[in-house]
Amino acid sequence: MSQSVRTPTLRRAEPDLGDDLGSGLAISPTALGERLWRFFISMQTGLVLILALAVLGLIGTLLVQAPAGLSADQQAYSAWLDALRPKYGGWTGVFDALGFFSIFTSVWFKGIVVLLTTSILSCSVNRAPHLWKQAVHPRTRMSESFYERTPLGATIDAAGTAEEAASEVRVALAARGFRTMRGADAEAGTVGVYADKNRWGPFGTVIAHLSLVSILIGALVGGATGFRNENLAVAVGSTVDVGYGTGLAVNAKSFSDSYYTDGSPSDYSSELVLYRDGKQVAAQTIRVNEPLRYGGVSFYQSFFGAAAAMKVTDPQGKVVFQQGVPLVWSSNDGKRRVGQVDLTDQGLTAYVIGAASGEVDPEIRPGQMMIEVYRSASQGTPIASQIMTQAQPVTIAGLGFTFERERQFTGLIVASDPGAVFIWLGSALLVGGIALVFFFPHRRAWARIRPGTRGSIVQLGAVGRHDVTFESEFRRLVDEMAIALAEPPTA
Amino acid sequence: MSEYSLVAAVLSVVLALACYVLAFAAVRVGGRQRAGMALSRAGAGGGTVTETATPRQGTNAFATYGTLLTYLAVGFLTAALIFRTIYTGHGPFANMYEFSVAFAWGALAMYAYFERRYRQRSLGLIALPIALALLLYAIGIGAENHPLVPALQNNLLLTVHVAVAIVAYGSFTVAFASALLFLSPWRRGLPSHELLDEISYKSVVVGYPFLTLTIVLGAVWAQTAWGSYWTWDPKETASLVTWLIYGSYLHARVVRGWRGERAALLLLLGFAATLFTYFGNLFFGGLHSYSGLGNP
Ligand code: HEM
C-alpha cells in the first residue's frame, strides 16, 4: 500500500464566496438598479454599515441620553440640556443639533438601520439560491486540477477494482456521518464519489440574517401599536383606569415591602385585581420578576410610596370623590410628598401634601396631611391651604375634605407590546441560526477512482471551511480508508 | 473556603505564567522546536503524516509545568466559584467581585481549551496576565456579600445569563491574545500568522453565539423585570456594540482587503469593547448598576 496525504500548512481553502456574488439572481431592470444591487450585496458595504451602527451605539453609551418623550416638551428639554452644559461645555449645542442626545431615534440611526436591513436582505436573497443548489444539487464531479490543488487531498492505492474501491470509500465516509452518492463519471472506467455532511448548516446564515429582519419588524410593530406607562400609581384600596383604550381598570388590594436586616429591599409585592367594564377578569399577586399578564397587557411591580385615603363631599353631603391619593411627587427639597386630586366637575384641583417618610415636619405632624386647593384654570395661588387631621373634615370652597387614613400605593409599569412575538421569534432564530452555521459546518469530499496497474487508484479531495478539526478528521478518514482499501474485498 | 481557593488559583496562575515566560525565553534563545512552546503541528491535528510522527522529544519542562499549573488554576477557580455559590446561595452575578472571578475563570478555561486544541502556549503569555489582573482586581475590591435586591432574584435566568457571558468573554480573551500575537512585530518563537488567524476565528466562533445568547437572555430578563426587552441602557448598548464589532470581524474575513491585519485590529477593538462593557457598570449607572428599585 502506498499512501500520500496532503494537508495544508494551514492554508485555508479560499472561501467559495467571492466568485458567486451576484450570480444568484440576475435582476437588472435598469443600470441604476443594478448598481444599487451591487452596492447592497457588497460585503464592504455591509461591513461599513455594521461598524457605523457600532459607532452610533458607542455615542449612545458615552453621552447621556434624553429620557424618552422629553423632547416633546420644549421647556423641560431645554432645562435638561442646560443641566448638561457644565459637563459637555460648548459641545452641548453641537451634540444636540446632531441628535446625539437621542441617538437611537435620530435620523442617523434610522437611516443606517434601513440601509443595513436592505443590505442584509439583499445578501440573503443573493446567496440563498446558491446555498440551495449546493445542498440539493451538489456538484458531484471535480476536475483533475481540483485534486491536484486542493489543500485537503490524498492519493491511496487500492487492492480491489475501481467499483470495489468506490464502495469501500463510500462505506468509510458513511461511517463518519457523510451522506455519499455516486459522482458523475468523468471518463469510462473511472468511478466518482461525492460525500457531504451538514449540508443545511450554511442556511444558518440565512436564518440569522432573516431573524434580524424579524427583530426589526417586532420593534416597528411594538412602536406603532404598543404602549408603556411607567408611572401607574394605585393606592391600596383604590381602582384606577389603565387607559390606552384597553377598557381595563386595576385595583390594588394590598401592598407589602420587606427588607433584609441590613435595610436593603428583599421583596415588593402587590395583590392586584383586574376589571374589564366593571367585571373582574384577573387577580394575582405580582412581584418584581412576576408580572400579571392579561390579554396582551402586562403589569409589573416597579415602585411604591405613601398614599392618603381622601373623601370629598359637596355642600349637600354627597360624596364626589373617595379614593386613595398616591403621593407620587416629591417637593424640591425632598422633605414632602405630594399627590393630586382632580375635581373636574367643581373646576378645582387639590394637592394633598404629606411629610416624606422619616422626615419630621414642623407643620404636618404624624396623622396629618396638608391640602392646597387651586382653581383648575389658574395655577398661581391656592384658594386655600389647610392642615387636615385624620378623620376631621375641613371645608374649602364649600366642599368637605376628609383625610381618612394613611395608605400605601403601589407603582406599576403597564405595558403592551404586540411586537414582542417577533422579537422572541427573531431572537430564537438568531441564536439557532448562528449555532447552525458554526456548530454544523458544511463539509464536502470528492473521490475519483481509476484503474491502476494493480487494483485501482483513489484520489480524494475535500473542502471544509478553514479548520483544524476537519483536517484531523480528514486525516483519520484517509487512514481508515487506506486500511480498508489495502485488502481486496473478500465477500 | 472560597477565598483560600482564590488565593491558590492566583498562585497557580503566577507560577504558570512564570513557567511560560521561562519556556518562551528558552525558545527565543534556543530553537523553537526544542522548547515546546509551539508544538506547532504535532498533535494539533493539522500535521502531515511525517509531521505527526515527530516525537514530542525535547518539550521544555517549564512549558509542561505551565500547562499543568494552568489546569490547576482552573480547578482552584472552579472550587472558588462553587464555594462562593454555596455561601451566597446564588450564581456569581451579584457584584463585580463575583463577576471578575467568573471572568477570570472563563479566560483561563477557554485558554486551557484552546491550548489543548492548538498547542500554542505563547497565547498564555497574554491570556494569563489578563486572568491574573482580573483576579487581583477581584481580591482588591473584596468579597462583600449583600443580599439580592428583588430585581436580581431571578436565580436561574441570571446564572445562565452570566455563565453564557463568561464563555463568550473567555473566548474573546483568547481571540485577543492571538490577534495581539498576530500583530506582534517580533515573530521569533511565535506561531505562524495563518495559525493565529485560525485560532482567533475559532475562538470567535465559540464566543459569538454565546455573546448572542447572553444578549437575548438579558432581554428576556429585562422583559420579566421591567416589561421592556430593550431600553438602550448603557450596558445593553455596550454589549450590542461588542456584538456588532465581532459580527463585522466574521464578515471581514471573507472580504479580501480585510483579512489578516485589519481583521486582527477588529479583534483588538472587540476586546476593548468587551472590557468596556464589563467595567461599564462602574460608571454608567442604569439598570445594571445593581441598585435595584426604589422610590421614584
Ligand atoms: C448585524 C448584522 C449581521 C449579522 C448578525 C450577520 C450574521 C452572520 C453570521 C453569523 C454569519 C456566519 C459567519 C461565518 O460563517 O463566519 C454571516 C455570514 C454572512 N453574512 Fe451576515 N450578518 C449581518 C449582516 C450582513 C450584511 C449586512 C451582509 C451583506 C452585505 C451579510 C452577508 C453575509 C454573507 C454573504 C455571509 C456568508 C459568508 C460566507 O459564506 O462565508 N451579513 N452573517
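Please read all numbers here as calculations on a predicted model, not as lab measurements. Reckoned from all heavy atoms, side chains included, excluding hydrogens, waters and symmetry mates. Residue numbers begin at 1 in each chain, while the letters A, B, ... track the order of the sequences.
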Segment of B/W230 engaging chain A (4.5 angstrom heavy-atom cut-off): neither
Going by heavy atoms in the side chains, are B/P209 and A/F439 under 4.5 Å from each other? yes
From CG (A/L49) to NE2 (B/H251), nearest 0.5 Å: 11.5 Å
Counting heavy-atom pairs under 4.5 Å with chain A, which one of B/G247, B/S248, B/G227 comes out on top? B/G227
For the CG atom of B/L269 and the CG atom of A/L51, what is their distance to the nearest 0.5 Å? 7.5 Å
For B/L266, which atoms come within 4.5 Å of any heavy atom of chain A: side chain, backbone, both, or neither? side chain
Can you label the angle between the B/W232 ring and the A/F109 ring as parallel, tilted or perpendicular, going by 30° and 60°? perpendicular
Counting only heavy atoms not in B/F210, do more than 12 sit closer than 6.0 Å to its CZ atom? no
Looking at CG of A/L62 and OG1 of B/T237, how far apart are the two atoms once the value is rounded to the nearest 0.5 Å? 10.5 Å
Could you state the interatomic distance from CG (B/L240) to CG (A/L53), rounded to the nearest 0.5 Å? 6.5 Å
Run the side-chain contact (heavy atoms from CB on, under 4.5 Å) check on B/W221 and A/N289 step by step: do they pass? CA-CA 8 Å; B/W221 175 47; A/N289 293 333; 3.9 Å; yes
Should we count CZ of A/F422 as having more than 12 external heavy atoms under 6.0 Å? no
From A/I423 atom CD1 to B/Q223 atom CD, the distance as rounded to the nearest 0.5 Å: 9.5 Å
Could you state the interatomic distance from OG1 (B/T231) to CZ (A/R228), rounded to the nearest 0.5 Å? 8.0 Å
Name the option with the most non-hydrogen atom pairs under 4.5 Å to chain B; the candidates are A/V48, A/L56, A/I413, A/V55. A/I413
Tell me, for A/A54 versus chain B, whether the close heavy atoms (under 4.5 Å) come from the side chain, the backbone, both or neither. both
Considering all heavy atoms, the nearest A/L58-B/V241 contact: N-CG2, 3.6 Å
Given heavy-atom pairs under 4.5 angstrom as the criterion, report whether the side chain, backbone, both or neither of B/A219 touches chain A. both
At a 4.5 Å cut-off on heavy atoms, which part of A/W424 comes close to chain B: side chain, backbone, both, or neither? side chain
Counting C-beta onward and ignoring hydrogens, is there a side-chain heavy-atom pair between B/V206 and A/F438 closer than 4.5 Å? no
Closest non-hydrogen atoms of B/W243 and A/L212, given as atom of the first, atom of the second and distance, are CH2-CD2, 3.9 Å
Contacting region of B/S228 [heavy-atom separation from chain A under 4.5 Å]: both
